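Here the structure is laid out as structure tokens; the discussion comes afterwards.
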Protein chains: 2
Amino acid sequence: MSQSIEQPADGTPGRTPARAVPTSADVARLAGVSRATVSYVLNNTSAVRISEPTRERVREAARELGYVPHAAARTLRAGHSRMVLLPAAHVPIGPLYSRFFNDLQWALRRLDYTVVQYGSVGLAPEAAARAWAELRPAAVVSTGEVEVTPEAVEILRRSGVKAVITIGTRDADGTHSLVLDQPGVGAAAVEHLIATGRRRIGVVVPEEPGLGMFSGPRLEGARRAAGAAGATVVPLPLAYTEESAEELAARWPGLALDGVFAYNDEYAMLLMRALQDAGTDVPGETAVVGADDLLLGRLLRPRLSTVRIDMIGGHELAELVDRAIDGTAGGATRRLLSGSRVIRRESS
Amino acid sequence: MSQSIEQPADGTPGRTPARAVPTSADVARLAGVSRATVSYVLNNTSAVRISEPTRERVREAARELGYVPHAAARTLRAGHSRMVLLPAAHVPIGPLYSRFFNDLQWALRRLDYTVVQYGSVGLAPEAAARAWAELRPAAVVSTGEVEVTPEAVEILRRSGVKAVITIGTRDADGTHSLVLDQPGVGAAAVEHLIATGRRRIGVVVPEEPGLGMFSGPRLEGARRAAGAAGATVVPLPLAYTEESAEELAARWPGLALDGVFAYNDEYAMLLMRALQDAGTDVPGETAVVGADDLLLGRLLRPRLSTVRIDMIGGHELAELVDRAIDGTAGGATRRLLSGSRVIRRESS
DNA sequence: ACGCGTCACTGACACGTGTCACTACCCCAA
DNA sequence: TTGGGGTAGTGACACGTGTCAGTGACGCGT
């Protein structure tokens, strides 16, 4: 039973079985050099001098065997990896995030890091942190899907993670925090509505789970902006379905709202269409403002006004990650990303 | 110089420095047992009997030290990982893929696999395969972003990857291929248009790079369906911008088309709006059909007809991955996923 | 003949884990 | 006392890599 070695029924005993994965030792044997030499050659180590003919022999042997280094062994030996862990979001992600992610990935690859998007759906913060820590990444960049508690940060730190970066609605202790100014988004929208003469303003709050992290602060910002101007804000729960939108539109006259900020261009489009079908004039009776500046928002009539949000660029973030890893970025950092501005089209 | 050990200037010499990452040896020391025992306890190995008090001591020690196992060391020792590699797409992806990805991830986690999304933007197939192989994953599930050549498969195989699964427009040699019937999508749309009396049919082909993999076969399917019925197909290049759509709409009358299949609901919406603005009646003069059945497609007037595509479920795929890894799924497999059906709304 | 320096390379260790073979101990029957 | 068998655990090896210290060969000046 114990000899269940995978041995292809190969009749030629002279040939190497070679079904095992080739290692640097195999390369060394084939090239007739030591394993150390192989390592030096394949890593282009500059401190050691190896003659050019030998280098070529080693490279040729590696090519012939189809040698691929073993990342785990490398990580083990080095004591750390060059992996940047990106806990994956499970919310449907828009083109904004998609572009951001690609830029980040590209820029980090340029800095010789490997980006790994790692799913940790529905785990507690500490459990998730432990799962991340097992991979001994050099850095963790959390985009706010899983909350990063101080305990989670401690777990990561103890496991050798050099940098923890969070992108979210508020800063997390002990990390480099990029705080998206979500209240600013709500405030910008409401201030715009007030500037165009609206006084009773609805704010759509998505019922979908996972969006609460964004919608809450946006509502709060809207409230503050309205309060400062003596206007009123009414929260409006809405699910991303036609039925929900119709239901809301049906009781619209009773709400007596002259403006609405809809969290998102998608929710805005959904609501605006439902309002029009129910006989409400946009923007005559009610002005509508979305967010994210989607192309599709310009296809409806009236064209949708929107709040454009300034996200940090992937390249910029990649540099922050790099500096945070080699320690030149200081301990914990907080940086506010604010730059929301309203793009007025026809719906407001 | 060589004693640059990271030593916090801690005045109390009795305490352990403990700045190093704790290993199972540390846990063993603290619990007063051997390292082997620690391994047995923490992995709940059933073949070895360890007394309950000892188990508890070990667990307590691990908790106190905040011990987290080192995945790389584990992988190295085991010779393989339980990692499923998912080369990341760089095209903006819709809610369909997003949902699929979450399901897959969830189901694989349930089977004790770790899903890792790994970016390999703009690499040659073999270079990408080598990069994947370094991680020694148990399986690679390619969603068609990077072409999987036979050479790439060979590289992966030699590095110990147990299963290679491709999801794309055509099957790749030596892999388990899930072939999405893209021609079927185009055919379904065109057959529907012909059934409603259209004869000269445009097919929108996105100019965005990275979509060619899908748009080509869809166009081909449209051609075949039209040819079978004696109708005509005209390819229409279109970029995802308002300008491009306006430009196309302006020369619409000259094209004399009475129907159009627009690759996608998004392109369909863009085009339909441009057509209406240019004075073309939809569906009176020209019928429009999209694909993917987006909610937003129902917001335009007329409501957008669309082709709904049956994607494989995440759970189902997870099971295939599992069987492919332990070899019970056979060698190479080809499976056609066909199930496109038209949902007729008002635009056709 | 000797010392010194450079060149080109190698031997050996460490990283953290899982697991197999083995042992020390105790109990009970012969 | 011996032998056998079960319990509770341990010692040691292997996995694949990077790197430090060391080693033999050779050239050169005295």
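Only this structure's heavy atoms are used, side chains among them; waters, hydrogens and symmetry mates stay out. In what follows, every chain begins at residue 1, and chains take the letters A, B, ... in the order their sequences are listed. As the structure is a prediction and not an experimental result, all values here were calculated from the model.
- Taking only side-chain nitrogens and oxygens, B/Ser51 never comes nearer than 4.0 Å to OP1 or OP2 of D/dA8.
- Per the geometry, CZ belonging to B/Arg29 stands 15 Å off C1' belonging to C/dT17, to the nearest Å.
- Among the protein residues, B/Thr54 comes within range of the sugar-phosphate backbone only, with heavy atoms under 4.0 Å from sugar or phosphate atoms but none that close to a base.
- Partners of B/Arg323 by side chain to side chain donor-acceptor pair (under 3.5 Å), not counting sequence neighbours: none found.
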What does the list of N/O pairs under 3.5 Å between the protein and nucleotides 12-16 of chain D look like, with a distance for each?
unit_1, atom_1, unit_2, atom_2, d
D/dA14, N3, B/Arg77, NH1, 3.4

Base-pair string, DNA chain D, Watson-Crick plus G-U, cut-off 3.5 Å on both distances, | for inter-strand, is ||||||||||||||||||||||||||||||
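- Every residue meeting the side chain to side chain contact (heavy atoms under 4.5 Å, CB included) condition with B/Thr149, not counting sequence neighbours, appears here in chain and number order: B/Pro125, B/Glu126, B/Glu147, B/Glu151, B/Ala152.
- Residues from residues 38-50 of chain B with heavy atoms under 4.0 angstrom of DNA chain C, sorted by number: B/Ser39, B/Tyr40, B/Asn43.
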Under 3.5 Å, side-chain donor or acceptor atoms of residues 38-49 of chain B against the rest of the protein: list the pairs with distances, not counting sequence neighbours.
unit_1, atom_1, unit_2, atom_2, d
B/Asn43, ND2, B/Ser39, O, 3.2

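- For B/Thr333, the side chain to side chain donor-acceptor pair (under 3.5 Å) partners at least two apart in sequence or on another chain are B/His176.
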Side-chain donor-acceptor pairs of residues 159-168 of chain B under 3.5 Å, sequence neighbours excluded:
unit_1, atom_1, unit_2, atom_2, d
B/Ser159, OG, B/Leu156, O, 2.9
B/Thr166, OG1, B/Thr175, OG1, 3.4
B/Thr166, OG1, B/Ser177, OG, 3.4

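- Sorted by first and then second residue, the side chain to side chain donor-acceptor pair (under 3.5 Å) pairs involving residues 61-73 of chain A (not counting sequence neighbours) are A/Glu60-A/Arg63.
- Identified under the salt bridge (Lys or Arg N to Asp or Glu O under 4.0 Å) test for residues 68-83 of chain A, with sequence neighbours left out: A/Arg82-A/Asp112.
- A/Thr328 is linked by a side chain to side chain donor-acceptor pair (under 3.5 Å) to A/Asp326, counting only residues two or more places apart in sequence or in another chain.
- Computed from coordinates, the A/Arg82 CZ to D/dG18 P distance equals 14 Å when rounded to whole Å.
- Checked against side chain to side chain contact (heavy atoms under 4.5 Å, CB included), A/Asp322 has the following partners two or more places apart in sequence or in another chain: A/Leu111, A/Tyr113.
- Side-chain atoms of A/Arg158 and A/Glu154, non-hydrogen and from C-beta on, do get closer than 4.5 Å to each other.
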